[in-house]
Asks: 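Take a look at the following structure, please.
By convention in this document, chain letters (A, B, ...) are assigned in the order of the sequence lines, proteins followed by strands, and residues within each chain are numbered from 1. These values consider heavy atoms only, across backbone and side chains, with no hydrogens, waters or symmetry-generated copies.
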Amino acid sequence: MTTSPSDPTNGGEAVVEEPVSGESGAPADADNGAETAAEPEVTEETAPTEDQPAEEQPDEERAGEEPAEEQPDEEQPDEEQPDEEPAEDQPAGEEPAEGQEPAEEAAEAAAEGAAVEEAAADEAAADEAAADELARFAAELAEALGATGWDADHGTVRVKVDRDRWHGAVAAASGRLPFFSWLSAVDWAREVAVGEPAEGAEELEERYEVLCRLSSVTDASGAIVMTDVPKDDPWMPSIVDLLPGAGWHEREAAEMFGLDFRGNPNKKHLYLPDRFEGHPLRKSYPLLSREVKPWPGTVDVEGMPGTANVEAGEADTEGDGTEGEDDEA
Amino acid sequence: MTTLDPRTAMHISEAAVSVELETPDMTLNIGPQHPSTHGVLRLVAKVDGERVESVEPVIGYMHRGYEKLSEVRTYAQITALVNRIDWVSGFANEIPFIRAVEELAGIEPPPRAQYIRMILTELARIASHLVFMSSYPLELGATTPLMHSLRERERVLELIESVTGGRFHPNFNRVGGVKPVAGGGTDQKKVSQDLPKGFLQETRDAMDKVIDVCVDIDDLVTGNEVIHARTVGVGVIPADIALKYGLSGGNLRASGVDFDLRKHEDVLPYSSMDFEVPLGRNGDCYDRYMVRLEEIRQAARIIQQAIDGLPSGPLQAKVPRILKVPTGTTYVRAENPKGEMGYYVVSQGGKIPYRVKIRSASFSNLSILPWILEGALVPDLVAIMGSLDFVLGDVDR
């Protein structure tokens with residue numbers, strides 16, 4: 001049976017990829033796990049995979065993905081459109097071609113499709129322009145900060161600097177983006193005690209990623225300055241002297257990830273009790289409540305990863321009994 | 001003891017001021033259980049007579065570890081968690097998270113869902129600010145505004161409850177839209193199962209009442225001499241300091257910085273709404289109060305416009321039954337009643353996020369306490385703290 005992209009009968013996986021590919025920027029990549037393993041890694045040479053037709057090959061690898069990212073958008077509305085308008089159960093898309101009155105319907109559909117496509121094209125163009133604008137901003141900021149890499153995916157500008165340059169980079173960035181939003185970290189680990197491991201975890205470069213978000217107060221622009229901290233030498237220069245508000249954020253990151261923020265005058269625990277041992281947000285830190293008692297959700301409709309009923313379906317938007325029956329019919 | 005001649009008494013009191021009294025440093029512990037700390041916040045203050053020398057806020061009594069818990073929950077389950085961050089405006093917490101997931105998954109919610117989200121967010125904002133309008137004057141000694149504000153807040157909470165089923169923790173947002181009313185079967189039925197009957201008219205009426213209560217509060221508080229004495233020129237935060245501490249929301253705007261994410265970010269369709277962003281001039285407690293009072297009126301305006309412009313259509317975009325969010329990273333923020341609330345979501349292509357960083361407004365808003373309380377008078381301590389309008393759940397996460 002043919003499955004239109006958003007046909008619910010298709011169940012789990014195949015459906016999942018479809019709406020996803022619209023924005024993910026790498027439609028085919030999702031299946032090629034290994035290549036995209038280092039997605040969040042900005043500096044790494046993640047050249048576009050083989051199946052991408054165009055040789056965009058940008059010098060800053062992220063920039064090239066921007067246009068590619070938007071293209072699927074153009075198709076999307078007119079795939080979905082026939083799906084919503086005509087009768088519920090028909091596998092849309094096929095129908096006009098094989099239906100009773102192909103000519104008329106096809107013409108109508110074509111006209112509608114054209115209009116939709118046009119609107120979608122406009123929208124996509126606007127999106128693309130916005131994405132370009134963002135990429136330009138990111139590139140310019142990266143240059144100003146002496147960054148080693150940058151990306152501007154999903155409307156989020158991230159600029160990567162070396163740890164030695166952290167203090168100077170944050171100082172320079174906060175000159176342009178005066179509002180200090182937050183500072184935190186991400187633990188990239190090959191093995192995780194809780195949750196799902198990262199994509200391509202075996203080849204991951206183990207590190208902490210420290211992020212500091214700054215933003216403008218006159219428009220929507222903002223950027224995350226980030227750096228890598230090796231796990232065997234987990235210290236960071238503090239930026240409290242520049243942004244006093246970072247003090248608490250650094251204390252939180254320090255206790256949660258075991259980072260040493262050199263220069264922060266207050267190294268007491270912020271949230272945790274004084275004698276607490278361990279660093280809870282490290283991926284190696286187990287979630288004790290789960291160790292003591294298994295997740296009660298395993299008997300729920302919503303399957304948790306790593307449990308028996310993963311396939312039992314998920315209480316997403318349409319998660320109720322009747323819906324399931326409808327799907328089978 | 002002889003009877004005091006009033007003239008002598010005056011004389012004595014003047015003398016007392018001029019004499020240098022020895023006031024050895026004293027450590028004053030406030031909280032964690034204290035009515036004016038809005039939860040469990042502990043302040044360790046070093047005081048020299050009536051002056052506060054330094055204050056060390058001790059937080060974490062309510063730390064629930066939502067960032068860790070998010071790493072073992074599916075995206076749909078996290079919505080239930082984020083409700084509880086700032087429980088005074090639970091609905092508003094869901095918006096940036098849901099929008100972040102939608103951004104990563106490439107799902108665009110239908111316009112009607114976006115409008116409903118906007119209406120409920122503004123209702124939450126009104127509810128949150130009305131709590132401030134009741135608690136803040138109370139901390140300054142005025143009990144009456146509490147009665148007025150909480151009455152209208154109850155009305156607003158009932159509206160939220162009528163749509164979502166929850167007064168505080170709606171858990172109403174779904175990736176791709178909003179929750180259809182329970183019992184909905186097929187897609188077709190779900191479209192018809194929409195806002196409760198009469199909701200729009202009730203909301204309109206309620207907004208009129210909310211605007212009325214603003215007038216009441218105005219009469220009771222705004223021009224009140226005692227309130228002026230306690231708040232004007234007290235706890236002044238200059239704009240540059242506010243930015244460096246990451247103050248946001250009404251606290252930042254009271255310092256004169258025109259920064260409202262509703263005007264900048266497109267998480268909800270605020271761009272088609274006509275509203276003003278009230279600003280303060282001095283950044284003192286009084287301005288912070290005034291900004292919030294005006295924001296209630298503006299929120300009511302937005303709701304009325306949103307009801308007028310409420311589009312029809314589905315409440316849900318097509319979303320796969322098992323939602324896997326493609327690999328990607330995004331930071332999405334929105335204007336929570338307390339300020340900038342944002343989520344940095346790292347997805348690795350699975351059903352659960354790899355990392356969720358929660359940027360909550362009150363955490364940063366509260367971090368300025370040591371700076372702002374240094375050198376303040378002890379009686380002003382509560383006035384300043386209250387004016388920052390924080391919720392400990394939002395601080396501790």
Side-chain angles (χ1 to χ4, degrees), chain A residues 6 8 11-12 15-16 19-24 30 36 39-40 80 88 153-156 158 178-182 184 186 194-196 198-199 211 213 217 219-220 224 243-245 247-248 269-272 280-281 287 290 295 297 302 304-305 313-320 322-323 326, chain B residues 59-60 63 65 67-69 71-72 74 76-77 103-107 174-177 180 184-188 243-246 257-259 264-265 316 318-324 326-331 333 340 342 344 346 348-352 354-355 357 359 363-364 367-368 371 396:
Chain A
S6 36
V15 176
V16 177
V20 152
S21 59
E23 295 269 310
S24 75
T36 46
E39 264 269 295
E80 271 176 23
E88 318 61 80
D153 293 346
H154 300 294
T156 306
R158 301 194 305 164
F179 177 73
F180 168 73
S181 182
W182 51 269
S184 192
V186 179
V194 290
E196 284 175 353
E199 246 183 341
L211 313 125
R213 160 94 190 181
V217 285
D219 55 35
I224 291 171
L243 301 164
W248 279 20
H269 279 168
L270 182 71
Y271 284 136
L272 301 173
L281 278 178
L287 189 60
R290 284 287 165 86
W295 173 236
E302 199 157 342
M304 282 301 293
E314 176 149 332
D316 60 8
T317 59
E318 2 236 305
D320 57 44
T322 43
E323 179 75 17
D326 283 354
Chain B
I59 60 172
H63 188 246
E67 293 181 11
K68 186 77 172 177
L69 292 178
E71 290 174 13
V72 293
T74 63
Q77 290 168 331
E103 167 72 40
L104 287 174
I107 296 166
R174 298 289 179 269
V175 176
T186 63
D187 280 354
Q188 253 57 33
L243 291 173
K244 284 184 175 161
Y245 274 94
V257 181
D258 185 2
F259 185 50
H264 295 312
E265 296 281 346
Q316 263 290 340
K318 295 238 178 226
V319 177
R321 279 174 67 78
I322 296 179
L323 178 73
K324 283 194 176 177
T327 301
T329 306
T330 192
Y331 176 65
R333 55 186 183 160
E340 174 181 330
Y344 180 76
V346 180
Q348 288 290 292
K351 288 187 281 191
I352 61 177
Y354 186 75
R355 168 102 169 94
K357 155 72 191 166
R359 196 277 181 198
F363 180 70
S364 291
S367 71
I368 202 171
W371 184 89
D396 287 352

Asks: Report the distance from atom OG1 of Thr327(B) to atom CG of Asp153(A), rounding to the nearest 0.5 Å.
Replies: 11.0 Å
Asks: Which bit of Glu340(B) is near chain A, if near means a heavy-atom gap under 4.5 Å: side chain, backbone, both or neither?
Replies: side chain
Asks: Look at the rings of Tyr271(A) and His63(B) and say which category their plane angle falls in: under 30° parallel, 30 to 60° tilted, over 60° perpendicular.
Replies: parallel
Asks: Relative to chain A, which segment of Asp258(B) carries a heavy atom at a distance below 4.5 Å: side chain, backbone, both, or neither?
Replies: backbone
Asks: Between CD of Glu103(B) and OG1 of Thr156(A), what distance do you get to the nearest 0.5 Å?
Replies: 7.0 Å
Asks: In Å and rounded to the nearest 0.5 Å, what is the CD to OG distance from Glu67(B) to Ser184(A)?
Replies: 5.5 Å
Asks: To the nearest 0.5 Å, tell me how far Leu287(A) CG sits from Leu69(B) CG.
Replies: 6.0 Å
Asks: Nearest heavy-atom pair of His154(A) and Thr330(B): which atoms, and what distance?
Replies: O-OG1, 2.9 Å
Asks: Determine the minimum heavy-atom distance between Glu196(A) and Tyr354(B), stating which atoms define it.
Replies: O-CD1, 3.7 Å
Asks: Roughly how far, to the nearest 0.5 Å, is OH of Tyr331(B) from CZ of Arg213(A)?
Replies: 6.0 Å
Asks: As an exercise: rank Gly155(A), Gly247(A), Ala220(A), Ser181(A) by heavy-atom pairs under 4.5 Å with chain B and give me the winner.
Replies: Ser181(A)
Asks: Take Tyr344(B) and Val186(A) through the side-chain contact (heavy atoms from CB on, under 4.5 Å) test and state the conclusion after the steps.
Replies: CA-CA 10 Å; Tyr344(B) 180 76; Val186(A) 179; 4.1 Å; yes
Asks: Heavy-atom distances under 4.5 Å only: say whether Ile368(B) touches chain A with side chain, backbone, both or neither.
Replies: neither
Asks: What distance separates Ile224(A) CD1 from Lys357(B) NZ, expressed to the nearest 0.5 Å?
Replies: 11.0 Å
Asks: With only heavy atoms counted, which part of Pro280(A) is less than 4.5 Å from chain B, the side chain, the backbone, both or neither?
Replies: backbone
Asks: Check each atom of Lys68(B) against the heavy atoms of chain A and say whether the ones under 4.5 Å are side chain, backbone, both or neither.
Replies: both
